There are 2 protein chains.
Amino acid sequence: MRLSAKADYACRAMAELAASDPPTKAERVATAQEIPLKFLENILLDLKHAGLLESQRGGDGGYWLARDASDITLADIIRVVEGPLAYVRGQRPESLDYSGVAEPLKDVWVALRANVRSVLESVTLAQIAHNDLPDVVQELVADVKAWQSH
Amino acid sequence: MRLSAKADYACRAMAELAASDPPTKAERVATAQEIPLKFLENILLDLKHAGLLESQRGGDGGYWLARDASDITLADIIRVVEGPLAYVRGQRPESLDYSGVAEPLKDVWVALRANVRSVLESVTLAQIAHNDLPDVVQELVADVKAWQSH
DNA sequence: GCTAATCCTATTTTATCAATAGACAAACCA
DNA sequence: TGGTTTGTCTATTGATAAAATAGGATTAGC
């Protein structure tokens, strides 16, 4: 399973906006997060069209969150730039047509997406900006670290 | 997050092999699961090189699982054809280098992968062949269906 | 009217995915 | 021994999407 650079950039850019005084210029975000400026502009525009950002032009212009940082999740962001949170062979799990023995696989993909969702929909920009991730995430990370130390 | 057609094909092909008497011909798998034959051959070869399959040539040849179906998980299969189970911007979550505000994002990606793992490593080919998915998966699917009926 | 920023559309570049082609090698059988 | 069937291997094509870039249009403020 792969998450695109665009989705990663979008989340980082939004985190940056959540943590700085509005309005914030695209160039500042690009520098801080090492994202190609013109690529970032496209992404910010998508996010604006989706209603997650507002903006102003001119010398004192920039971008800012359209809603409170605690009301924007990573899932919201990724859906804007990547579409559905999880898709298999370019389709949503439900619309896959499996025959015979492979049929139960469909349920696995559905479960997989549900699990992806449970993480991405639980993390808000406010939590990232304050480095205060939800318990679900912290526990998962703790488990991974415990494993690595073996 | 996207799962490739190749990974989907590989899982379906392995399920087919788990459910039929060895040896099974590639063409039979291709027909049963509607996978392009030559593409499937490449995939089966990868799985063989990874030690998940064995094979025999000639008129009575075909493929069969190298281990018991209860000892092969979907994670095993997907790692062969796609590499790491979850990667962001073409890299593993750990090797990403985040600066400043975006730092907690790294933990989110790590947690995300852990969650993906917990599904894919828990499902074996035997469970798919017998349509007897583990509780973790069944519960997730049940939750999704409950939601949809609202 | 000048400057600095966002806005918008198009294009390019690059990489990856998906699929195909064709020759080769071994197992089996008559 | 020769022919058929099947897997093995490497290379290439074609399509698609991802990633990045280009350049002008628009708007806000001074």
Side-chain angles (χ1 to χ4, degrees), chain A residues 1-13 17 20 22-31 33-66 78 80-84 87-91, chain B residues 1-13 17 20 22-31 33-66 78 80-84 87-91:
Chain A
M1 305 210 74
R2 167 195 161 105
L3 196 71
S4 69
K6 194 173 179 181
D8 179 55
Y9 288 161
C11 293
R12 280 155 59 193
L17 291 177
S20 53
T24 309
K25 297 189 200 319
E27 199 186 350
R28 208 194 112 166
V29 176
T31 306
Q33 292 297 326
E34 300 181 89
I35 303 171
L37 175 59
K38 292 301 275 181
F39 194 25
L40 175 64
E41 283 182 358
N42 290 332
I43 293 169
L44 293 175
L45 216 47
D46 284 346
L47 292 167
K48 176 178 179 170
H49 289 155
L52 296 185
L53 286 183
E54 293 179 353
S55 63
Q56 171 132 157
R57 309 198 224 197
D60 204 36
Y63 299 87
W64 60 92
L65 302 184
I78 292 176
V80 169
V81 297
E82 274 205 340
Y87 49 106
V88 176
R89 276 184 68 199
Q91 305 186 355
Chain B
M1 307 209 73
R2 169 196 159 104
L3 196 70
S4 67
K6 193 173 179 181
D8 179 55
Y9 288 161
C11 293
R12 280 156 60 192
L17 291 177
S20 52
T24 310
K25 299 190 199 319
E27 199 187 349
R28 210 194 110 165
V29 176
T31 306
Q33 293 297 324
E34 299 180 88
I35 303 172
L37 175 59
K38 292 300 278 181
F39 194 26
L40 175 64
E41 284 181 355
N42 289 332
I43 295 170
L44 293 175
L45 217 46
D46 284 346
L47 292 167
K48 177 181 177 167
H49 290 154
L52 296 185
L53 285 183
E54 292 179 353
S55 62
Q56 170 131 161
R57 309 198 223 197
D60 205 36
Y63 298 88
W64 60 91
L65 303 184
I78 293 176
V80 169
V81 298
E82 273 205 342
Y87 51 105
V88 177
R89 275 184 70 201
Q91 304 186 356

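Here is the naming used below: chain letters follow the sequence lines, and residue numbers restart at 1 for every chain. On a predicted model such as this, the values are computed, not experimentally measured, just so you know.
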Next item on the list: Check side chain to side chain contact (heavy atoms under 4.5 Å, CB included) between A:D60 and all other residues, then give those that pass, not counting sequence neighbours.
Entry: none
Item checked: Nearest-angstrom distance from the residue atom CG of A:L17 to P of C:dA5 -> 15 Å
Margin query: Please report the interatomic distance CE(A:M1) to OH(B:Y87), rounded to the nearest 0.5 Å.
Written below: 10.5 Å
Checklist line | Span of DNA chain D, from the first to the last nucleotide whose atoms fall under 4.0 Å of chain A heavy atoms | finding: D:dA18 to D:dG29
Notebook entry, point to check: How long is the gap from NZ on B:K48 to CD on B:E54, to the nearest 0.5 Å?
Noted result: 8.0 Å
Item checked: Closest non-hydrogen atom pair between B:G51 and B:A66, with its separation -> O-CB, 3.3 Å
Check: Tell me: NZ of A:K48 to C1' of C:dA5, nearest whole Å?
Finding: 12 Å
Next item on the list: Kindly express the pairing pattern of DNA chain C in dot-bracket notation, using | wherever a base pairs with another strand and counting only Watson-Crick or G-U pairs under 3.5 Å.
Entry: ||||||||||||||||||||||||||||||
Next item on the list: Any chance you could lay out the side-chain contact (heavy atoms from CB on, under 4.5 Å) test for A:L65 and A:L52, step after step, and finish with the verdict?
Entry: CA-CA 6 Å; A:L65 302 184; A:L52 296 185; over 6 Å; no
Notebook entry, point to check: So how far is it from A:I43 CD1 to A:R12 CZ, rounded to the nearest 0.5 Å?
Noted result: 9.5 Å
Next item on the list: Can you tell me the distance, in whole Å, between the NZ atom of A:K25 and the C1' atom of C:dA4?
Entry: 8 Å
Check: To the nearest angstrom, how far is A:L47 atom CG from C:dT6 atom C1'?
Finding: 14 Å
Notebook entry, point to check: Can you name the residues that form a salt bridge (charged side-chain N to carboxylate O under 4.0 Å, His left out) with A:R89, not counting sequence neighbours?
Noted result: B:D8
Note to self: Taking only side-chain N and O atoms of A:H49, does any of them lie within less than 4.0 angstrom of OP1 or OP2 on C:dC8?
What the structure shows: yes
Next item on the list: Nearest 0.5 Å please: distance from the OG atom of A:S20 over to the NZ atom of A:K25.
Entry: 11.5 Å
Check: Can you name the side chain to side chain contact (heavy atoms under 4.5 Å, CB included) partners of A:P36, sequence neighbours left out?
Finding: A:Y9, A:F39
Next item on the list: Give one of base, sugar-phosphate or nothing for A:R2, where a contact means two heavy atoms less than 4.0 Å apart.
Entry: sugar-phosphate
Margin query: Going by the rule side chain to side chain contact (heavy atoms under 4.5 Å, CB included), which residues pair with A:L45 if we only count those two or more places apart in sequence or in a different chain?
Written below: A:H49
Short N/O separations, protein against nucleotides 28-30 of chain C, under 3.5 angstrom:
unit_1	atom_1	unit_2	atom_2	d
C:dC28	OP1	B:Q56	OE1	2.8

Next item on the list: Tell me, please, which residues at least two apart from A:K6 pass salt bridge (charged side-chain N to carboxylate O under 4.0 Å, His left out).
Entry: A:D46
Notebook entry, point to check: Heavy-atom contacts under 4.0 Å between residues 3-10 of chain A and DNA chain D, which residues?
Noted result: A:S4, A:A5, A:K6, A:Y9
Check: Just wondering, are more than 12 heavy atoms of other shown residues or ligands nearer than 6.0 Å to CD in A:E27?
Finding: no
Notebook entry, point to check: For the atom pair OG (B:S55) and CG (B:L47), what is the distance rounded to the nearest 0.5 Å?
Noted result: 11.5 Å
Notebook entry, point to check: Can you pull the side-chain hydrogen bond (donor to acceptor under 3.5 Å, both in side chains) pairs that have at least one residue in residues 34-44 of chain A, sequence neighbours excluded?
Noted result: A:K38-A:E41
Check: When you check the phosphate oxygens OP1 and OP2 of C:dC7, does a side-chain N or O of A:S55 lie under 4.0 Å from one of them?
Finding: yes
Notebook entry, point to check: What distance separates B:T24 OG1 from B:L44 CG, expressed to the nearest 0.5 Å?
Noted result: 10.0 Å
Checklist line | Sorted by number, the residues of residues 33-43 of chain B with heavy-atom contact under 4.0 Å to DNA chain C | finding: B:P36, B:K38, B:F39, B:N42
Check: Sequence neighbours excluded, which residues qualify as side chain to side chain contact (heavy atoms under 4.5 Å, CB included) partners of B:A7?
Finding: B:L3, B:S4, B:I78, B:V81, B:E82
